[in-house]
Amino acid sequence: MKPNPHYQAIISSPIGLLGIIMEEGILHSIDFMPDNTAPQATVDNATAQVVSQLQHYFRQAGWMFSLPMLPVGTPFQQAVWQQLQQIPAGEVRTYGEIAKILGSGPRAVGNACRKNPIPVVIPCHRVVASSGPGGYAGQTQGPNMTIKSWLLAHEGVII
DNA sequence: TTAGGTAGTCTCG
DNA sequence: CGAGACTACCTAA
């Protein structure tokens, strides 16, 4: 739980409200906001870039993000998140496949995905289990899994 | 379908 | 620090 996070923008999207946190003009994290949150105007240019690219993505699933990002985490988490960014839109990998590349284990990869601070842009939704959909934003069922399914369907992946 | 194995992180003490 | 618990898992039987 982050105490009083300060959002540079809160935008509405097909998967609900997204809260955007910047640090020094660099994308730091994206939060899924409750429905009753009030949208909040963009305050600066760098944030406008993030908003614009997100809107591109929701319009056209194949959009490739190009943004300065600073996702903070352990070295292992960074390595996993780097692998995620190399999965093209419309494709998926399994936790085991990522683990093999990094010489680690599937559960460890799942742990790292769960900690991804920048969902959507860092596409943790493109990682699934060998048999089943896996989880999303800390849930294996519930509203976040609905978001994961939506994102994959948006990219043309049959679940 | 389940039991056992696995890697990384977190939480106590 | 160290032991033990907790995962968005996987494989063999």
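Letters A, B, ... are given to chains in the order of the sequence lines, protein chains preceding strands, and every chain is numbered from 1.
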Whole angstrom value for the distance that separates [atom2] of [N] from [atom1] of [X]:
X: R107(A); N: dT7(C); atom1: CZ; atom2: P; answer: 9 Å
X: F32(A); N: dA8(C); atom1: CZ; atom2: C1'; answer: 13 Å
X: H125(A); N: dA8(C); atom1: NE2; atom2: P; answer: 19 Å
X: L84(A); N: dA8(C); atom1: CG; atom2: C1'; answer: 12 Å
X: R114(A); N: dA7(B); atom1: CZ; atom2: C1'; answer: 13 Å
X: Q83(A); N: dG8(B); atom1: CD; atom2: P; answer: 14 Å
X: K100(A); N: dT11(C); atom1: NZ; atom2: P; answer: 9 Å
X: Q78(A); N: dT9(B); atom1: CD; atom2: P; answer: 11 Å

Whole-Å C1' distance, dT6(B) and dC6(C):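 These two C1' atoms come out 13 Å apart once rounded.
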Can you check the distance between dG4(B) and dA8(C), where both ends of the measurement are the P atom (answer in whole Å)?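 To the nearest whole Å, 22 Å.
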Using the rule side chain to side chain contact (heavy atoms under 4.5 Å, CB included), only one of V51(A), L27(A), V43(A) pairs with Q8(A); which is it?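 Result: among V51(A), L27(A), V43(A), V43(A) is the only option passing the side chain to side chain contact (heavy atoms under 4.5 Å, CB included) with Q8(A).
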Checking all strands, does [X] fall into the base, sugar-phosphate, or nothing category for heavy-atom contacts under 4.0 angstrom?
X: G132(A); result: nothing
X: A137(A); result: base
X: G105(A); result: sugar-phosphate

N/O (side chain, [X]) to phosphate O (OP1/OP2, [N]) under 4.0 Å:
X: T94(A); N: dC9(C); answer: no
X: T140(A); N: dA8(C); answer: no
X: K115(A); N: dC10(B); answer: yes

Linking I/L/V/M/F/W/Y whenever their side-chain heavy atoms sit closer than 4.5 Å, directly or via other members, would L70(A) and L18(A) fall into one cluster?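 No, L70(A) and L18(A) fall in different hydrophobic clusters.
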Any N or O donor-acceptor pair under 3.5 Å from the base of dA8(C) to the side chain of Y95(A)?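 Between dA8(C) and Y95(A), which were checked side chain against base, a qualifying N/O pair under 3.5 Å is present.
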Suppose we call a contact any N or O donor and acceptor under 3.5 Å apart; does that hold for the side chain of N111(A) and the base of dT9(B)?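 For N111(A), whose side chain was compared with the base of dT9(B), there is no donor-acceptor pair (under 3.5 Å).
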For G73(A), does its backbone N or O pair with a side-chain atom of Q78(A) as donor and acceptor, under 3.5 Å?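 Judged by distance alone, yes, a pair lies under 3.5 Å.
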Would you find more than 12 non-hydrogen atoms of other residues, nucleotides or ligands less than 6.0 Å from Q82(A) atom CD?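 At most 12 heavy atoms, drawn from other residues, nucleotides or ligands, come within 6.0 Å of this atom.
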Side chains of W81(A) and K115(A) in contact at under 4.5 Å (non-hydrogen atoms):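 Side chain of W81(A) against side chain of K115(A), heavy atoms only: contact under 4.5 Å found.
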Under a 3.5 Å limit for both distances, which nucleotide forms a Watson-Crick or G-U wobble pair with dA8(C), could you say?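 Across any shown strand, dA8(C) pairs with none.
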